[in-house]
2 protein chains.
Amino acid sequence: MFSQTVEYALRAVVFLADHAPTACTTDQISTATQVPKPYLSKVLQNLGRNNIVRSQRGIGGGVTLVKMPNELTILEVVNAVEPIERIHTCPLGLKSHGTQLCPLHQRMDEALEMVEKSFKQTTVAEMLSEPGGSHPLCENPKAVAYKQVKKRQ
Amino acid sequence: MFSQTVEYALRAVVFLADHAPTACTTDQISTATQVPKPYLSKVLQNLGRNNIVRSQRGIGGGVTLVKMPNELTILEVVNAVEPIERIHTCPLGLKSHGTQLCPLHQRMDEALEMVEKSFKQTTVAEMLSEPGGSHPLCENPKAVAYKQVKKRQ
DNA sequence: TTGAAAATGGACATTGACATCCTGTTTTGC
DNA sequence: GCAAAACAGGATGTCAATGTCCATTTTCAA
């Protein structure tokens, strides 16, 4: 139900948040997120156009998040690459359903609304600080501490 | 986020429920639901293989629901044509995430779970008897009464 | 100044969703 | 039995999502 591109974009953003504010290269992100590099670069370009990430060419360059991870919701990321299209008018074009959807499309739109709300309430920072779960993109929980040390070298 | 095919399948099933237990031809369904007939026939075939509908060839034939509308959930319909794939294991294949998803995939799976639950709780019959909304696939609420009369001619 | 690192953009391949068409098969009514 | 109604299934076409490749541009540092 979620496209591959959405999954890839979220992985990339989580990786960037995990390393913020250090810039990361497409190569690094690709390796860690297991997203094919050429395609990842397209996804990142897309995120750039939508002002989710900023990129810097040349040596020492790379990609960084525009916002702080605790101010960036996953809804913003999803909507940048593949907007959640709520159902506003009757898909069949029935005029009498214009303002009031029929129960079928009401239910479908409700489902979309639930997902939208859930994603709007979740920041990227929360993905990294969750107590119970394992750490995104990392094989071993121990790796978190390791990265924290390594980050500012 | 929902595929065209899912939308088509739901329209067809709602139409069939609205006319149950009378059989409807692909032509009738296609006209009412605005689904292209050749493609609709594929969708119906698919629903047939998944035991959601039963079809009868020949003069006077057509398609009918296998279950009563109040016993058929829209989740069953959706899962027949395009199963909601919950996230059970880490998409990156990280072994340590095997049983416990990382927060990212937890959130994504939660969204899927919400949709799944919502669809599981909704029967096709509910689509037709909703008090407030307009009637599915019908331009005018009055048309409901008309069809009720016409149904058993 | 020059070379290496890195993103950018355009062109191209692949795949699956969506859609159409045609032929065959089953069923009914005469 | 025959003709018409209706679904079944295979072959094919189209397009967007996904994925790849390469030349170009930008940036930094030696």
Side-chain angles (χ1 to χ4, degrees), chain A residues 1-13 15-16 19 22-66 78-85 91, chain B residues 1-13 15-16 19 22-66 78-85 91:
Chain A
M1 199 150 85
F2 300 113
S3 74
Q4 204 61 11
T5 305
V6 163
E7 162 86 26
Y8 289 170
L10 287 171
R11 283 189 208 171
V13 165
F15 181 85
L16 288 173
H19 293 76
T22 307
C24 305
T25 69
T26 306
D27 249 325
Q28 292 173 320
I29 306 172
S30 168
T31 302
T33 61
Q34 298 182 28
V35 179
K37 192 167 78 128
Y39 193 65
L40 175 63
S41 104
K42 300 298 183 193
V43 175
L44 289 171
Q45 277 176 46
N46 200 344
L47 290 174
R49 279 185 224 107
N50 287 279
N51 211 37
I52 303 292
V53 303
R54 181 185 300 119
S55 58
Q56 178 71 32
R57 290 184 178 185
I59 292 178
V63 182
T64 51
L65 292 180
V66 169
V78 170
N79 275 340
V81 294
E82 192 186 285
I84 292 181
E85 307 272 12
Chain B
M1 197 151 86
F2 299 113
S3 75
Q4 203 63 11
T5 305
V6 163
E7 163 85 28
Y8 289 170
L10 287 172
R11 284 189 208 172
V13 165
F15 181 85
L16 288 172
H19 294 75
T22 308
C24 304
T25 69
T26 307
D27 248 325
Q28 292 172 321
I29 305 173
S30 167
T31 302
T33 60
Q34 298 181 29
V35 179
K37 192 166 77 125
Y39 193 65
L40 175 63
S41 104
K42 298 298 182 192
V43 175
L44 289 171
Q45 275 177 48
N46 200 343
L47 289 175
R49 280 185 223 106
N50 287 278
N51 210 38
I52 303 293
V53 302
R54 179 184 301 120
S55 57
Q56 179 69 32
R57 291 183 177 187
I59 294 178
V63 182
T64 50
L65 292 180
V66 169
V78 170
N79 275 341
V81 294
E82 192 187 285
I84 292 180
E85 306 273 11

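Since we're looking at a predicted model, the values are computed, not measured. Below, chains carry the letters A, B, ... as their sequence lines are ordered, and counting in each starts from 1.
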Would you kindly give the [atom1]-to-[atom2] distance between [X] and [N], to the nearest whole Å?
{"X": "A:Asp27", "N": "D:dT20", "atom1": "CG", "atom2": "P", "answer": "14 Å"}
{"X": "B:Leu47", "N": "D:dA8", "atom1": "CG", "atom2": "C1'", "answer": "15 Å"}
{"X": "B:Arg11", "N": "C:dC18", "atom1": "CZ", "atom2": "P", "answer": "12 Å"}
{"X": "A:Met1", "N": "C:dA17", "atom1": "CE", "atom2": "C1'", "answer": "17 Å"}
{"X": "A:Asn46", "N": "D:dA17", "atom1": "CG", "atom2": "P", "answer": "11 Å"}
{"X": "B:Leu44", "N": "D:dA6", "atom1": "CG", "atom2": "C1'", "answer": "12 Å"}
{"X": "A:Gln28", "N": "C:dA5", "atom1": "CD", "atom2": "P", "answer": "14 Å"}
{"X": "A:Phe2", "N": "D:dA17", "atom1": "CZ", "atom2": "C1'", "answer": "17 Å"}

Could you check if a side-chain atom of [X] sits within less than 4.5 angstrom of a side-chain atom of [Y], using non-hydrogen atoms only?
{"X": "B:Tyr8", "Y": "B:Pro36", "answer": "yes"}
{"X": "B:Leu47", "Y": "B:Val63", "answer": "no"}
{"X": "A:Val35", "Y": "A:Ile29", "answer": "no"}
{"X": "B:Val66", "Y": "B:Ile52", "answer": "no"}

Next item on the list: Go through B:Tyr39 and B:Ser30 one step at a time and tell me if the side-chain hydrogen bond (donor to acceptor under 3.5 Å, both in side chains) criterion holds.
Entry: CA-CA 9 Å; B:Tyr39 193 65; B:Ser30 167; over 6 Å; no
Measure from the side-chain heavy atoms of [X] and tell me the nearest of [options].
{"X": "B:Gln45", "options": "C:dC18, D:dA8, D:dG10", "answer": "D:dA8"}
{"X": "A:Thr25", "options": "C:dA6, D:dA4, D:dA11", "answer": "C:dA6"}
{"X": "A:Arg57", "options": "C:dC18, C:dT28, C:dT8", "answer": "C:dT8"}
{"X": "B:Lys42", "options": "D:dG10, C:dC18, D:dG19", "answer": "D:dG10"}

Next item on the list: Please determine if a side-chain N or O atom of B:Ser55 lies less than 4.0 Å away from the OP1 or OP2 oxygen of D:dA6.
Entry: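 Looking at the OP1 and OP2 atoms of D:dA6, neither is under 4.0 Å from any side-chain N or O of B:Ser55.
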Check: Would you say C:dA6 has OP1 or OP2 under 4.0 Å from some side-chain N or O of A:Thr26?
Finding: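 No.
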Contact class for [X] (heavy atom, under 4.0 Å): base, sugar-phosphate, or nothing?
{"X": "B:Gln4", "answer": "sugar-phosphate"}
{"X": "A:Lys37", "answer": "nothing"}
{"X": "A:Gly62", "answer": "sugar-phosphate"}
{"X": "B:Ser41", "answer": "nothing"}
{"X": "B:Pro38", "answer": "base"}

Note to self: With nearest nucleotide decided by heavy atoms, which residue, A:Val6 or B:Ile59, maps closer to the 5′ end of DNA chain D?
What the structure shows: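 Nearest-nucleotide comparison on DNA chain D picks B:Ile59.
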Next item on the list: Between A:Gln56 and A:Tyr8, just flag the one whose closest nucleotide in DNA chain D comes earlier from the 5' side.
Entry: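 Residue closer to the 5' terminus by nearest nucleotide: A:Tyr8.
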Margin query: Please report the interatomic distance CD(B:Glu7) to OG1(B:Thr33), rounded to the nearest 0.5 Å.
Written below: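 Separation between the atoms: 9.5 Å.
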